[in-house]
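For reference, the structure is listed below as structure tokens.
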Amino acid sequence: MCVPVRKPGWVSSRRLFEQKLSDLHKCGNLIQIKQVHAQIIRAHLHHDPYVVPKLIAAFSLCRQIALAVKVFDEIPEPNVHVYNAMIRAHTQNSQSSQAFATFFNMQSNGVLPDNFTYSLLLKACLGKTWFHVIQMLHTHIEKCGFCSDIFVPNALIDSYSKCGPVGVSAAKKLFMVMGVRDIVSWNSMIGGLVKFGELGEARHLFDEMPERDFVTWNTMLDGYVKAGQMSEAFEFFQRMPERNVVSWSTIVSGYSKAGDMEMARMLFDKMPVKNLVTWTIIISGYAKKGIANEANCLYDQMEEAGLKPDDGTIISILAACAESGLLRLGEKVHASIERNRYRCCTEVSNALVDMYAKCGSLDEAYKVFEGIRKKDLISWNVMLHGFATHGHGEKALQLFARMKKKGFSPDAVTFIGILCACTHAGLVEEGLHYFQSMDREYGIVPQVEHYGCVVDLLGRGGRLEEAFRLVNSMPVEPNAVIWSSFLGACRVHNAVDLAGEVLDHLAKLESSNPGNFSMLSNIYAAAGNWESVANMRLKMRSAGMQKASGASSIEVNEEVHEFKVFDESHPQSDKIYHMIGKLNQDLKRVGYVPIVR
DNA sequence: GTAGGGTTAG
């Protein structure tokens, strides 16, 4: 008898292919996926309803949504599994509207959605604007009876819980009528309550629920942290039966946000397991407070421990650097990016541009900006603000023109940059022109922030009467920022009577801000009205107010130097004052007249 | 279903 002889490798290579196919959706390596894709085509499996969803999932995991769509488009009659895979891919790649487009496409092709379809669509509904869509899906779900699958109502509670207080009430209603609840239902409900400040009610559910896991405890802990109730948070943290890396990171982040870096550091040093998120929290915490040496040191330690910063780490630390001007750390992060990867995503580049601009390296900011291949609206806005805050009004306006030419339409944030640019460059008429064009040409209704910019624009330009008229005729309620900006203009232009009137408004809005009172007191002093100065000071003292003195800081060679008004504590104080004197002389020579106080 | 994340007037 003749037994067919197989080559020894034949069975194993086929098994290997099957293995690769079954794990394909978990594969994160694009080259491997492409190889398996080629094998799939050779094996004529590229229309196979079991293989196609896995292939779509794999491409989606590698953020290759275009390839996923290509695979999908080649399927003549996709079934519900294939549609679901495509909806999931769009959602994972933050393409909510495409996820819904796929859903509508599926319905018009007569393919009936299943319970998975609805859970996946609900994941695409992020935030306030989606409330009515979630309601619509909710109605569909009830009609089709998909609530019997616990994943579906859980997904509903989760989505409702993330879209504002109104959503939370809807989630509560659903939670109440659910016949069966699992731990995820309770956790999602508590998460929603915590997110929108209903801490008491969250705690009530926490106490009431039959069993709790890490997520339950950590969600509740985060609630105390986000509410700024750190003593309650710490007490809760100590009471926890078990703590994992998320519990420790949450409490560290709480102290870090509260500015208590000593406590944050103590807990950070004590925690048994640290991951990238933990390091991000502690480094950003130090960086935000401007504690450069600790931030730099820990960043090095993180890299020495073999951890490579990801997008979250980079964006978070760069934002912290931008806030307090830590150029050295920002540069260090930039160096890591260049060392670890070939190209960075737009979000990371935007954070770099912002960091360089806020740290004063405008040239470097512009270099990074020019290098961004796929600029988005935020890229343009960030660069525009960079030019604006450094007084390069013309450059900012040129950039605005270039941005429009490239087909970007400005948003509300763009106009804050434009108005700010005009203010800092003294372009009052241009600023007013742009302000008027907002609604007229671009359909953007000015917000209180925009009015703030214009009040500043007019105020600094000495057109106090116009600014005052604008404040009084604004369609939105003027806030404390508007009035204090106006008060600043009164000081510059010695408008004593107007200032007194402004303070009355301010006192109503933020009665306890000593800055406002001391500003008015300075205005009276400048006008020589010493009786009013004494009066103001007396008022402040009897209210127990003390104005914290402002300070500026700069980082030179990894050391932060801080300066206050009339400060002589710096070792090189003499040299510094000498330089200030020289600068003042230079300024006077070019026509600048300083305010005499 | 839980921890870190980009632009915004004084």
Side-chain angles (χ1 to χ4, degrees), chain A residues 123 151 154-155 157-159 161-162 182-192 194-195 213-223 225-226 244-254 256-257 275-285 309-320 322 345-355 357-358 376-386 388-389 411-420 423-424 446-457 459-460 479-489 506 513 515-516 519:
Chain A
K123 281 208 173 68
F151 279 90
N154 282 354
I157 290 183
D158 184 45
S159 308
S161 287
K162 286 177 176 152
D182 66 4
I183 198 158
V184 178
S185 337
W186 287 87
N187 287 346
S188 303
M189 191 62 247
I190 291 174
V194 151
K195 201 174 163 118
D213 64 2
F214 275 125
V215 177
T216 325
W217 283 92
N218 292 342
T219 305
M220 201 61 225
L221 178 66
D222 191 46
V225 162
K226 291 257 159 72
N244 63 7
V245 66
V246 177
S247 334
W248 283 93
S249 300
T250 305
I251 194 85
V252 170
S253 124
S256 168
K257 278 202 186 106
N275 63 15
L276 202 53
V277 176
T278 328
W279 285 94
T280 305
I281 292 166
I282 196 84
I283 296 168
S284 310
D310 67 358
D311 290 355
T313 305
I314 291 167
I315 290 168
S316 180
I317 297 177
L318 286 177
C345 63
T346 306
E347 288 93 331
V348 167
S349 304
N350 292 346
L352 268 176
V353 174
D354 190 44
M355 182 279 294
K358 294 235 169 81
D376 61 8
L377 184 59
I378 293 171
S379 320
W380 293 94
N381 284 351
V382 171
M383 196 61 240
L384 198 79
H385 277 278
T389 46
D411 68 355
V413 178
T414 318
F415 277 100
I416 290 175
I418 300 280
L419 295 171
C420 189
T423 303
H424 289 276
Q447 303 295 303
V448 67
E449 291 86 347
H450 300 103
Y451 284 96
C453 293
V454 180
V455 169
D456 203 29
L457 180 80
R460 285 188 203 223
N479 61 15
V481 178
I482 300 250
W483 285 118
S484 62
S485 156
F486 189 70
L487 192 61
L506 264 174
N513 185 348
N516 300 329
M519 173 88 85

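Order of the sequence lines fixes the chain letters, A, B, ..., with proteins taken first and strands second; residue numbering starts at 1 for each chain.
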So A:Ile281, base contact, sugar-phosphate only, or nothing? Heavy-atom distance under 4.0 Å.
sugar-phosphate
Answer yes or no: are there more than 12 heavy-atom neighbours, outside A:Phe214 itself, under 6.0 Å from its atom CZ?
yes
Grab the CD1-P distance between A:Ile282 and B:dA3 for me, whole Å please.
18 Å
Look at the side chain of A:Ile378 and decide which nucleotide, out of B:dT7, B:dG5, B:dG10, has an atom nearest to it.
B:dT7
Could you state the atom-to-atom distance from CG of A:Leu377 to P of B:dG6 in whole Å?
16 Å
Determine the contact category for A:Gly191: base if any of its heavy atoms lies under 4.0 Å from a base atom, sugar-phosphate if only primed atoms, P, OP1 or OP2 are that close, otherwise nothing.
nothing
Per the side-chain contact (heavy atoms from CB on, under 4.5 Å) rule, which among A:Ile418, A:Val353, A:Val413 passes with A:His385?
A:Val413
Base, sugar-phosphate, or nothing: which does A:Asn154 touch, judged by heavy atoms less than 4.0 Å apart?
nothing
I'd like to know if A:Thr313 reaches the base of B:dG4 with its side chain such that a donor and an acceptor end up less than 3.5 angstrom apart.
yes
So what does A:Ser485 touch, heavy atoms closer than 4.0 Å: a base, only the sugar-phosphate, or nothing?
sugar-phosphate
Record whether the side chain of A:Ser316 comes under 3.5 Å of the base of B:dG5 through a donor-acceptor pair of N or O atoms.
no
I need the CH2-P distance between A:Trp217 and B:dA3, as an integer number of Å.
18 Å
Nearest to the side chain of A:Ile482, which nucleotide is it out of B:dT7, B:dA9, B:dG5?
B:dA9
Side-chain contact check for A:Ile315: nearest option of B:dG10, B:dG4, B:dG5 is B:dG5
Between B:dA3, B:dA9, B:dG6, spot the one nearest the side chain of A:Asp456, thanks.
B:dA9
Could you give the NZ-to-C1' distance, from A:Lys195 to B:dA3, as a whole number of Å?
13 Å
Under 4.0 Å, counting only non-hydrogen atoms across every strand here, what does A:Ser284 touch: a base, just sugar-phosphate, or nothing?
nothing
Minimum-distance nucleotide to A:Glu347 side chain [options: B:dG4, B:dA3, B:dG6]
B:dG6
Spacing of A:Gln447 atom CD relative to B:dG10 atom C1', expressed in whole Å:
18 Å
Take atom CH2 of A:Trp483 and atom C1' of B:dG10, then tell me their distance rounded to the nearest Å.
14 Å
Give the nucleotide from the list B:dT8, B:dA3, B:dG6 with an atom nearest to the side chain of A:Val413.
B:dT8
Checking only heavy atoms, does the side chain of A:Asn381 share a donor-acceptor pair with the base of B:dG6 at less than 3.5 Å?
no
What's the shortest heavy-atom distance between A:Val455 and A:Ser485, and which atoms?
CG1-OG, 4.1 Å
Name the closest nucleotide to the A:Lys358 side chain, picking from B:dA9, B:dG4, B:dT7.
B:dT7
Classify the nucleic acid contact of A:Val481 as base, sugar-phosphate or nothing, counting any heavy atom under 4.0 Å across all strands shown.
base
Looking only at B:dT2, B:dT7, B:dA3, the nucleotide nearest the A:Asp354 side chain is B:dT7
The side chain to side chain contact (heavy atoms under 4.5 Å, CB included) partners of A:Thr280 (sequence neighbours excluded) come to A:Ser284, A:Thr313, A:Ser316
Specify the separation, in whole Å, of atom CG of A:Leu419 and atom C1' of B:dT7.
15 Å
Taking any heavy-atom pair under 4.0 Å as a contact, classify A:Asp411: base, sugar-phosphate, or nothing.
nothing
When we call it a touch if two heavy atoms are under 4.0 Å apart, what does A:Lys257 touch: a base, just sugar-phosphate, or nothing?
sugar-phosphate
For A:Val448, answer base if it contacts any base atom (sugar-phosphate contacts may also be present), sugar-phosphate if it contacts only those atoms, and nothing otherwise; contact means non-hydrogen atoms under 4.0 Å.
base
Select one nucleotide: of B:dT2, B:dG4, B:dG6, the one nearest the side-chain heavy atoms of A:Thr219.
B:dT2
Heavy atoms under 4.0 Å, any strand shown: does A:Asn479 hit a base, just sugar-phosphate, or nothing?
base
To the nearest Å, give me how far apart CG (A:Leu384) and P (B:dA9) are.
13 Å
Answer yes or no: is there a donor N or O on one side and an acceptor on the other, between the side chain of A:His450 and the main chain of A:Ala412, under 3.5 Å?
yes
If the test is side chain to side chain donor-acceptor pair (under 3.5 Å), which one of A:Thr414, A:Asp354, A:Asp376, A:Asn350 qualifies with A:Asn381?
A:Thr414
With sequence neighbours left out, the residues meeting side chain to side chain contact (heavy atoms under 4.5 Å, CB included) with A:Asp158 are A:Lys162, A:Ser188
Given the structure, check if the side chain of A:Asn350 and the base of B:dG5 hold any donor-acceptor pair shorter than 3.5 Å.
no
